[in-house]
Amino acid sequence: MLGIARQTATMRRVQFFEFHEQAWCPSFVRNGVTDALQFGIHHTSAYAPVVPMIESALDATHSQSIVDMCSGGGGPWVDLARQLEARRPPVSTGRVDPLDLQILLTDKYPNLGAFENVKAASGNGISFYATPIDAMKVPEELHGLRTMFTSFHHFPPDEARAILQNAVDAGKGIGIFEMPRRAPSTILLTFAFVFSLFICTPLIRPFSWSRLFWTYLVPIIPFVLLFDGVVSCLRTYGPEELREMVGQLKGGEYRWEIGAASGGATPITYLVGSPLAPSLDSGQNSG
């Protein structure tokens, strides 16, 4: 089954590199970029519109665990976890039924300082995997709904399809959520965000003197953010391209929801896949 909200892209997708995703990129640059992105996502609540989709996907897969891939600086999970908990129905005592949800952050280049900060901010409700994880080859011991935020566009079509195929082969649900779009308005927002960091960088946590140096004295981090941000917009897959991608997957009976969700700072392109006959996913993840 395939639910599609059609959208016409205003620009043709290009496949180009981003500095911070390269293996040779210095960690202070990569971490500076991912910390800034996490700061922006948190303070704009950009991914709030996808909370109902995540909740539905968890219900459809009978899962209480989430494996977030390409987590960068931690993404939106501190906010999303609270919003998911707030949506739980009240119990007879009048309290909100606590959400027994495990969230595990992973990345090919783990930003451990940022992950520790997210873990502390969540009251240890969010954990992380300290060793590198390839989104195309997720270890079998990691159970739960797989998610990716603002990262799927990093992968060329063959690798992006391999990420989806790996989830299908494992019988896991998967949710792809992308804030960048191939639209002039989103590119303009990228410029505005980068320039705002010259004011907001001292507020980014965890605090880092190195981040201040590479933002104000030698502005490498803002340059990389601007370059990578514009490229991200140009690389993002539109709904029709995602539809073509899932049509090429093999094996497994899945329900795919593809479209664009509005209600936040910018529309969120999404792809959510759930197996039609999921098994009970009761595995426990440990960070």
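For the pair Thr269 and Tyr237, the minimum side-chain heavy-atom distance is 4.5 Å or more. Contact annotation: the side chain of Pro202 approaches that of Tyr216 to within less than 4.5 Å [non-hydrogen atoms, C-beta and beyond]. Side-chain contact check for Val67 versus Lys172: every heavy-atom pair is 4.5 Å or farther apart. Within the 4.5 Å cutoff, the side chain of Asp79 has heavy atoms near those of the His42 side chain. Side chains of Val231 and Val14 form no contact here, defined as non-hydrogen atoms less than 4.5 Å apart. Taking 4.5 Å as the limit, some side-chain heavy atom of Ile66 sits within range of a side-chain heavy atom of Leu58. Side-chain contact between Pro275 and Thr61 is present, with at least one heavy-atom pair separated by less than 4.5 Å.
Between the Asp68 side chain and the Trp77 main chain, no donor and acceptor come within less than 3.5 Å of each other. The backbone N or O of Leu164 lies less than 3.5 Å from no partner atom in the side chain of Arg146, so there is not a single donor-acceptor pair. Under a 3.5 Å cut-off, the side chain of Asp107 and the backbone N or O of Ser71 do form a donor-acceptor pair. Between the side chain of Thr186 and the main chain of Arg182, no donor-acceptor pair closer than 3.5 Å is present. No side-chain donor-acceptor contact under 3.5 Å links Ser151 to the backbone of Met148. Judged by distance alone, the side chain of Glu55 and the main-chain N or O of Leu84 form no donor-acceptor pair under 3.5 Å.
Taking CZ of Arg211 as the reference point, atom CD1 of Ile204 lies at 5.0 Å (rounded to 0.5 Å). Taking CG of Asp228 as the start and CD of Glu18 as the end, the distance is 4.5 Å to the nearest 0.5 Å. In this structure, NZ in Lys137 is found 9.5 Å from CG in Asn166, a value given to the nearest 0.5 Å. Atoms OH and CG, from Tyr109 and Asn31 in turn, are 12.5 Å apart once rounded to the nearest 0.5 Å. Glu257 CD to Ser56 OG: the interatomic distance, rounded to the nearest 0.5 Å, is 9.0 Å. Taken to the nearest 0.5 Å, the CZ atom of Phe152 stands 12.0 Å off from the NE2 atom of His154.
When all heavy atoms of Met245 and Ala160 are compared, the closest pair comes out as SD-CB, 3.8 Å. Of all the heavy atoms in Cys25 and Arg30, the pair that sits closest is O-NH2, 3.3 Å. Taking every heavy atom of both residues into account, Asp35 and Ala114 meet most closely at OD1-CB, 3.4 Å. Across all non-hydrogen atoms, the minimal contact from Val168 to Lys250 is CG1-O, 3.8 Å. Nearest heavy-atom pair, Pro49 versus Ser262, reported as atom, atom and distance to 0.1 Å: CB-O, 3.6 Å. Here the closest non-hydrogen pair linking Leu142 and Ile133 is CD1-CD1, 4.2 Å.
Relative orientation of the Trp256 and Tyr254 rings is parallel, given thresholds of 30° and 60° on the angle between their planes. By the 30° and 60° cut-offs, the orientation of the rings of Phe177 relative to Tyr47 is perpendicular. Ring pair Phe227/Phe17 is tilted by interplanar angle, where 30° to 60° counts as tilted.
For the side-chain hydrogen bond (donor to acceptor under 3.5 Å, both in side chains) with His153, the lone residue among Arg13, Glu178, Gln15, Arg181 that qualifies is Glu178.
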For this session: Just do the side-chain contact (heavy atoms from CB on, under 4.5 Å) check on Leu37 and Thr150 with the steps written out, would you?
Result: CA-CA 9 Å; Leu37 290 173; Thr150 320; 5.7 Å; no

For this session: Could you walk me through whether Phe39 and Thr201 pass side-chain contact (heavy atoms from CB on, under 4.5 Å), step by step?
Result: CA-CA 9 Å; Phe39 176 84; Thr201 288; over 6 Å; no

Using atom types as modelled, flag every donor-acceptor pair under 3.5 Å from a side chain in residues 116-124 to any protein atom, sequence neighbours excluded.
{"residue": "Ser122", "atom": "OG", "partner": "Val118", "partner atom": "O", "Å": "3.3"}
{"residue": "Ser122", "atom": "OG", "partner": "Lys119", "partner atom": "O", "Å": "2.9"}
{"residue": "Ser122", "atom": "OG", "partner": "Gly125", "partner atom": "N", "Å": "3.1"}
{"residue": "Ser122", "atom": "OG", "partner": "Ile126", "partner atom": "N", "Å": "2.9"}

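Side-chain rings of Trp209 and Phe207 approach one another, their centers coming within less than 6.0 Å.
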